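What follows is one structure encoded as structure tokens, with my remarks underneath.
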Amino acid sequence: GKTDGKGQYRFFEASQSRLIQSRLQLKHRLLEAIELDQFVLYYQPRVDAFTGEVCSMEALVRWIHPQHGLVSPLEFIPMAETTGLILRIGEMVMEKACRQIDAWRRQGLPVVPVSINVSPKQFARGEVHRQLAVYLDRHQVPASLLEVEITESAMMGEQEDVLAELGAIRALGVKLHVDDFGTGYSSLSQLQKLKMDVLKVDRAFTSELGNSREGRVFFQAIVSMAHALGMSVVAEGVETAEQLCILQELGCNEVQGYYLARPMPAADIPAVLEQGLRS
Ligand code: C2E
Ligand code: CA
Ligand code: CA
Ligand code: CA
């Protein structure tokens, strides 16, 4: 800044200007993308590990960039987080998901619950429950058809605020998923106190399933404790038949991953809802 000595300023400029320029550019482009509505939701079906039926889906945002095509959220969610643009993107995701569920319902499709991802910054605002209420109502979507995924780290704020917001979301009838479980530091008993409904075990643990006895034992322990505490378990990142088979034996409730289905555009979902995934 201006209070720094001249030499310091120059050093800063020389070493970081490129980075800052590209970050500023990304921020500018993201802002533009929001205004031009260049985002679309993909949907990844989840399957009941027991029956093989499609029982829910996860909405995953993509940016349709005019030059680069489909951009992964990994490329822009971190920047959206630091700039606060995630607040607008998050609300937009909520709106799009509700509008899509409504459209499928109007088509007479057997719609299953759709979960959306809520980022830490968005959650910390304490307004997710109010926004959910608005969009569910606007599109006449039953709360049972929309679910929310939150990471453990997002729930690390002031315990009272966290409890109040989670409680307000649940009071709407919206189920709560713990996303990427196992990558943070929360215990299952903490998560039960927060009344989380679903535990989504991070795909790092799924990928260990076929490799080692320990991986399997670890997963088994999570499943039995989660069940004992009244939570249901989803395994993410299921990529092989072997992993699926083990997860079925372990009593995991739902499975999600490339082995079953990749995230797909909304246009592909009606066939999945009507015919399932086995063709
Ligand atoms: P996530 O919430 O953990 O979502 C799962 C990610 O794993 C998705 O990546 C999905 O495509 C990918 N995936 C699914 N099955 C498999 C598999 O079998 N193997 C492997 N290797 N990957 C699999 P995607 O769509 O690129 O999203 C990445 C992350 O971006 C998400 O991770 C989530 O943290 C974030 N994200 C996506 N959409 C949103 C959103 O609407 N809001 C917010 N705040 N974050 C989002
Ligand atoms: Ca997720
Ligand atoms: Ca996840
Ligand atoms: Ca993840």
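All values derive from a computational prediction rather than experimental measurement. Just follow the structure's listing: the first ligand is 1, and inside any ligand the first atom is 1.
- Interface atoms of ligand 1 facing Ser72, defined by a heavy-atom separation under 4.0 Å, are 26 (O).
- Gln107 CD: more than 12 foreign heavy atoms inside a 6.0 Å radius.
- At least one heavy atom of Asp179 sits under 4.0 Å from some atom of ligand 1.
- In terms of hydrophobic clustering, with Ile, Leu, Val, Met, Phe, Trp and Tyr side chains grouped at heavy-atom distances under 4.5 Å, Val217 and Val233 are assigned to different clusters.
- The existence of a salt bridge linking Glu81 and Lys121 is excluded, since no basic side-chain nitrogen approaches an acidic carboxylate oxygen closer than 4.0 Å.
- Remark: side-chain polar atoms of His139 are not paired, donor with acceptor, to backbone N or O of Val141 under 3.5 angstrom.
- The atoms of ligand 1 that sit less than 4.0 Å from any heavy atom of Leu74 are 28 (C), 29 (C).
- Shown here are the ring-ring contact (aromatic ring centres under 6.0 Å, His included) partners of Tyr43, two or more places apart in sequence or in another chain: Trp104.
- With a heavy-atom cut-off of 4.0 Å, Ser119 touches ligand 1 through backbone and side chain alike.
- With hydrogens and angles disregarded, no donor-acceptor distance shorter than 3.5 Å links the side chain of Asp161 to the backbone of Gly157.
- Not a single heavy atom of Gly90 sits under 4.0 Å from any atom of ligand 1.
- Excluding waters, the set of protein N/O/S atoms under 3.0 Å from the Ca ion (ligand 2) reads Glu58 OE2, Asn117 OD1, Glu149 OE1, Asp179 OD2.
- Note on ligand 1: Glu81 sits outside its first shell, no heavy atom being nearer than 4.0 Å.
- The one candidate from Arg130, Arg125, His129 that meets the side-chain hydrogen bond (donor to acceptor under 3.5 Å, both in side chains) condition with Glu165 is His129.
- Of the polar atoms of Asp180, at least one N or O is found under 3.5 Å from an N or O of ligand 1, judged by distance alone.
- Salt-bridge annotation for Glu58 and Lys200: present, with a side-chain N of the basic residue lying under 4.0 Å from a carboxylate O of the acidic one.
- At least one heavy atom of Arg62 sits closer than 4.0 Å to an atom of ligand 1.
- The N/O atoms of Gln256, backbone and side chain alike, include none that comes under 3.5 Å of an N/O atom in ligand 1.
- Partners of Arg216 according to the salt bridge (charged side-chain N to carboxylate O under 4.0 Å, His left out) rule, which considers only residues two or more places apart in sequence or in another chain, are Glu249.
- Listed by first then second residue, pairs satisfying side-chain hydrogen bond (donor to acceptor under 3.5 Å, both in side chains) with a partner in residues 261-276 number zero, not counting sequence neighbours.
- The heavy atom nearest to atom 41 (O) of ligand 1, out of those in Leu41, Val93, Ile89, is found in Val93.
- In the vicinity of Glu58, heavy-atom distances shorter than 4.0 Å reach the ligand 1 atoms 2 (O), 4 (O).
- At most 12 heavy atoms of other shown residues, nucleotides or ligands fall within 6.0 angstrom of atom NZ in Lys175.
- Between Val61 and ligand 1, an N or O atom pair is found at a separation short of 3.5 Å.
- Within ligand 1, counting atoms from 1 as listed, the ones closer than 4.0 Å to a heavy atom of Pro73 are 24 (P), 25 (O), 26 (O), 27 (O), 28 (C), 30 (O), 36 (N), 37 (C).
- Residue Gln44 approaches ligand 1 through these ligand atoms, each under 4.0 Å from one of its heavy atoms: 14 (C), 15 (N).
- Side-chain heavy atoms closer than 4.5 Å link hydrophobic residues (I, L, V, M, F, W, Y) into clusters, and following such links, even through other members, never connects Phe50 to Val255.
- Between the side chain of Gln243 and the backbone N or O of Glu239, at least one donor-acceptor pair lies under 3.5 Å.
- The distance from ligand 1 to the heavy atoms of Gly237 drops below 4.0 Å at these ligand atoms: 16 (C), 17 (C), 18 (O).
- Tracing side-chain contacts under 4.5 Å through hydrophobic residues (I, L, V, M, F, W, Y), one reaches Val148 starting from Leu166; they form part of the same cluster.
- Each of the atoms 17 (C), 18 (O), 19 (N), 20 (C), 21 (N) of ligand 1 lies under 4.0 Å from some heavy atom of Glu239.
- At under 3.5 Å, not a single nitrogen or oxygen of Tyr259, backbone or side chain, sits near a nitrogen or oxygen of ligand 1.
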